[in-house]
**Q** 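The structure follows.
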Amino acid sequence: MIRQLAVMMGRGKPIEADTKYRREICKVGRWMYRQGFVVASEGNLSVRLDADRVLVTPAGACKGRLLPHELIVTDLQGTVVAGTGQPSSELQMHLLYYRLRPLVRAVCHAHPPTATGFAVAGRALEEAILPEVVSVLDKIPLAPYGTPGTKELCAGLESLVPSYDAILLENHGVVTCGEDLTTAYQHMETVEHFARVLFVAESLGGARFLTHTQVRRLNISRHAQVNSNHSTLNLEMSERRVIRDEDYEDPDEGDSKKAIVSDQLTFSSCTPRRSLKA
Ligand SMILES: [Zn+2]
């Protein structure tokens, strides 16, 4: 149903003029560069223009100095339909999101240093420690390493993309998505901020986790909020999380030893019993 709606929304014609999105990608590229999320020619950004076309950053360009006319338009198979030069070498990763998540309108890939440090250390950001992160992103899983720009990278992401708006890429960086480019970029900021906070907490002796009950309340609150603001992408994600919440196994059931530390959980303690693939 959601997929049909998304296709009906944009097939055959731009939803808005490309110019707006070209300027937006250049602006967000400058934000990423100034924040130190990318250096040199690292990172890439894209926006879904309509049901058939994607606007993406060119290969080898500094994201802090992009010009609107340098951006490339491709179809959903990656064939260039407008622009000179080559699209980003990570285009297939972006197209994976657009194929698997019909309501996603933008993808952001960068190498923010603290979050990337966790990815290099092989650590997902799954601890439930900050309410804002739980509410917005749920957990931030770690996709297995794949050579950048290859099908191997996409293969490692495929099972995670349908359920998560932010994913760490092992020994590489971070990829985020959103219903618009600003949201996708803000998710990148949230991931890096979360990584910094967790790093500091661990240097001070370790983070204290939110309880299972506290996480459940955040999920209920989020569901009510997205129902009131009619955000279709957030509603889609929220519905997935309600299903996941109902599927939580209580790690304390029948285990008195675990009950002693029962109120402190990581998300990985709440693994759903069945696949959440879209
Ligand atoms: Zn990269």
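Since this is a predicted model, take the numbers as computed values, not measurements. Just so you know, ligand 1 is whichever comes first in the structure, and atom 1 is the first atom listed for that ligand.
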**Q** Using a strict cut-off of 2.8 Å, how many protein N/O/S atoms surround the Zn ion (ligand 1)?
**A**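 Atoms of protein N, O or S type lying less than 2.8 Å from the Zn ion (ligand 1) total 3.
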**Q** Between Arg123 and Glu202, does any NZ, NE, NH1 or NH2 come within less than 4.0 Å of an OD or OE carboxylate oxygen?
**A**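 Judged by the 4.0 Å cut-off on N to carboxylate O distance, Glu202 and Arg123 do form a salt bridge.
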**Q** Hey, does the side chain of Glu126 reach the backbone of Pro141 with a donor-acceptor pair shorter than 3.5 angstrom?
**A**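 Looks like no, no N/O pair under 3.5 Å.
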**Q** Would you call Asp165 and Arg101 a salt bridge, using N to O less than 4.0 angstrom?
**A**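 A salt bridge is present here (some side-chain N lies under 4.0 Å from a carboxylate O).
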**Q** Between Glu90 (side chain) and Gly149 (backbone), is there a donor-acceptor pair under 3.5 Å?
**A** yes
**Q** For His94 and Ser46, which I'm curious about, is there any donor-acceptor pair between the side chains at under 3.5 Å?
**A**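 Result is yes, a qualifying pair exists.
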**Q** Quick one: sort the His172 and His109 rings into parallel, tilted or perpendicular, breaks at 30° and 60°.
**A**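 Rings of His172 and His109: perpendicular, over 60°.
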